[in-house]
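Model, not experiment: these values are computed from the prediction.
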Amino acid sequence: MNSRPDSTASASGRALSRAALRQGGARCAALCAVSTTATATGLLLPALLGHTLDLLLAHAPAARWIGGCAGLVLLLALLDGCAGVFTGTCDAQATAWLRRRLTGHVLALGPRATARFGAGDLVARLVGNAAQAGTAPGALAALLAAFAGPVGGVVALALIDPCLAAVFLAGAPVLALLLRAFARDTTACVADYQRVQGRIAGALAEAVGGFRTIRAAGAEDRETARILAPLPELSRAGHRMWRVQGRAAAQAVTVAPLLNLGVLAVAGLLLARHRLSVGEMLAASRYAVLATGVGALVGQLAALGRARAATGRLAEVLAESAPGHGTGRLPSGNGRLELRAVTALRGGRTVLDGVDLTVPGGTTLAVVGRSGAGKSLLAQLAGRLADPDTGEVLLDGVRLRDLTHGELRRAVAYAFERPALPGTTIEDTIAFGHTAATPAAVRAAARRAHADDFVRRLPEGYATRTADAPRSGGESQRLGLARAFAHGGRLLILDDALSSLDTVTEHRITETLLAAGPDRTRLLIAHRATTAARADRVAWLHEGRVRAVGTHRELWREPEYRAVFGGDGTGGAEAGGGREQTDVCDGRRRTPDSDRSRETRGDMYRTGSGS
């Protein structure tokens with residue numbers, strides 16, 4: 001039942017190996033030529049040595065022949081050096097190409113990549129497996145030269161005397177079968193070994209990401225045991241790999257000397273019958289060794305097996321289809337967002353189930369719900385960081401999948417709870433995007449995100465290296481918000497991007513968001529009642545469906561809605577009466593005009609997934 005997936009993965013791995021080989025075609029061709037020339041030189045040397053020996057035994061002049069032998073030895077050394085250089089450059093070029101392709105594909109996949117493989121395993125494939133897969137071109141070129149040696153040795157034996165070649169060829173099929181079995185078993189063992197390595201890397205990445213929690217819980221020893229739990233399996237895979245290699249080497253080493261002895265025995269008989277000279281006997285002995293060049297073949301086959309297994313792991317990632325982009329453009333608009341019958345599955349579980357939701361352009365919608373309700377996934381779908389399994393997402397009437405990549409990324413800006421902050425300096429970090437923001441836009445965005453003050457207090461202000469800038473979680477969130485503000489667009493999506501801010505800063509930034517004007521739509525994933533209260537409307541997610549859409553004040557009457565924020569409706573600031581209730585339900589001071597405008601805009605929202 002598994003033969004079809006295995007054959008598909010194998011075919012993908014071979015296709016990837018051929019593509020990597022084509023990338024370094026010139027260098028690989030040069031390596032193959034140099035290696036083959038070195039092999040030809042090595043094949044010529046025994047004949048030259050044998051003839052020189054015959055001249056010396058006959059007391060004939062042999063100075064020129066001795067010089068020729070010395071020249072061939074020097075040429076072999078030079079060719080070996082060149083082969084080493086070409087091998088290194090071929091491997092480096094192939095590895096760089098594989099890493100670029102894998103990195104680009106992982107980034108194109110987005111959250112699907114880490115959900116499917118895990119961050120640590122992806123890093124292991126990108127770093128270790130790509131380096132091993134990159135050795136394939138050099139190993140293949142060296143393998144061709146390694147095969148040329150035995151073939152040339154057999155031909156040379158036949159030229160000396162056909163009987164010598166016949167003796168060798170009688171046992172050659174056994175040697176070929178042993179090498180074929182070794183190549184097959186090595187690939188399987190190495191694949192198991194690399195798979196376990198990926199699991200360890202994944203567990204280590206998780207632990208590094210949560211090191212503070214582990215340290216606070218005093219669970220260092222337990223986490224160490226969890227990370228290293230696959231070590232026995234790794235050890236078994238490693239021992240199995242060495243057993244396969246040792247068994248193949250032992251079998252080959254057993255067969256090879258028998259073939260050598262057979263050739264030498266026949267050569268001795270021919271020498272005794274004066275059909276061979278002493279020099280030809282010497283040459284035959286060397287050619288017999290070259291013809292049974294098992295050591296080189298085993299080494300190259302092992303290297304090729306490791307590269308093949310690593311390439312298969314890279315091909316698994318590349319087999320995941322990345323989202324394609326269309327050629328469409330957005331019409332003029334202010335970011336009207338529509339989700340039509342959107343269903344999304346993760347890990348075989350339906351996270352969003354038939355969601356219908358419309359956010360009018362220029363308004364602010366807060367999405368709330370318990371953990372696991374699908375809020376973050378909805379945020380991913382809204383800006384096409386992920387695609388729904390069924391249904392459509394539209395921005396100003398155009399399906400997101402129909403837009404060009406550049407058009408989509410210019411139209412949608414994101415800010416996250418734990419923002420990644422790429423870039424060398426703080427200014428680079430805020431300017432980071434599909435198109436870099438100008439210095440003036442960077443500073444204006446930082447002021448809107450209330451990040452300008454703490455950035456200016458850094459040793460070099462906006463020129464401070466991001467890695468060296470001390471900052472809290474809230475300050476990192478403000479930098480992420482500034483980056484979103486700096487790139488404009490008609491849809492701004494905040495995935496719990498205010499969670500680490502103090503109440504005063506959150507209030508100020510929310511006021512900035514609400515005052516952004518009618519040319520931009522804001523979608524907020526909210527966990528705080530105060531954030532939901534300041535939005536124009538609230539979409540209440542419950543078990544993957546939109547249970548209700550309304551103002552925070554309207555929904556607050558529902559005990560289950562209050563429970564989303566930890567309130568039970570029996571008292572306290574969130575459920576109490578008087579001014580306390582007004583503060584939580586409204587979130588800010590409001591005027592009758594703002595109430596009327598909010599309710600008027602609220603009529604434009606709709607939900608079709610049922611309450």
Side-chain angles (χ1 to χ4, degrees), residues 13-43 45 71-105 122-150 152 179 182-183 186-187 190-191 193-194 197-198 201 238 241-242 245 249 290 293-315 317-318:
R14 287 194 295 270
L16 185 60
S17 294
R18 288 193 294 269
L21 186 62
R22 285 195 298 270
Q23 295 302 311
R27 285 188 175 89
C28 289
L31 173 61
C32 193
V34 168
S35 300
T36 304
T37 303
T39 301
T41 304
L43 289 169
L45 184 59
L72 283 182
V73 171
L74 291 175
L75 180 59
L76 272 176
L78 179 62
L79 291 172
D80 285 342
C82 292
V85 171
F86 282 124
T87 299
T89 54
C90 280
D91 292 352
Q93 187 175 28
T95 300
W97 180 81
L98 288 168
R99 284 176 174 161
R100 281 196 299 270
R101 180 166 179 187
L102 190 67
T103 301
H105 190 74
L122 284 174
V123 171
R125 294 176 194 242
L126 182 63
V127 177
N129 295 150
Q132 289 178 323
T135 63
L140 183 60
L143 185 64
L144 293 175
F147 270 115
L179 292 175
F182 168 71
T186 297
T187 300
V190 171
Y193 190 85
Q194 292 173 350
Q197 278 185 321
M241 185 168 58
W242 285 113
Q245 188 163 343
L290 288 174
V294 175
L297 284 174
V298 167
Q300 295 304 327
L301 285 172
L304 206 57
R306 290 191 295 270
R308 182 181 177 185
T311 303
R313 282 175 55 78
L314 300 185
V317 180
L318 295 173

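- The two residues Asp80 and Ala38 have their closest heavy-atom pair at OD1-CB, 4.3 Å.
- Leu98 and Ala130 make their closest contact through CD1-O, 4.0 Å (heavy atoms, listed as atom of the first residue, atom of the second, distance).
- Among all heavy-atom pairs drawn from Ala315 and Leu16, the shortest one is N-CD2, 4.0 Å.
- By the 4.5 Å heavy-atom criterion applied to side chains, Trp97 and Arg101 are counted as neighbours.
- Note: Arg313 CZ to Leu122 CG = 9.5 Å, rounded to the nearest 0.5 Å.
- Listed here is the closest heavy atom pair of Val317 and Arg125: CG2-CD, 3.6 Å.
- By the 4.5 Å heavy-atom criterion applied to side chains, Leu31 and Thr89 are not counted as neighbours.
- Ala133 and Ala310 make their closest contact through N-CB, 3.7 Å (heavy atoms, listed as atom of the first residue, atom of the second, distance).
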side-chain contact (heavy atoms from CB on, under 4.5 Å) between Arg308 and Thr311, intermediate numbers included: CA-CA 5 Å; Arg308 182 181 177 185; Thr311 303; 5.7 Å; no
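- Residues Gln132 and Asn129 form a side-chain contact, since some pair of their non-hydrogen atoms from C-beta on lies under 4.5 Å apart.
- The backbone N or O of Cys32 lies less than 3.5 Å from no partner atom in the side chain of Ser35, so there is not a single donor-acceptor pair.
- Residue Leu79 comes nearest to Val34 through the heavy atom pair O-CG1, 3.4 Å, listed as atom of the first residue, atom of the second, then distance.
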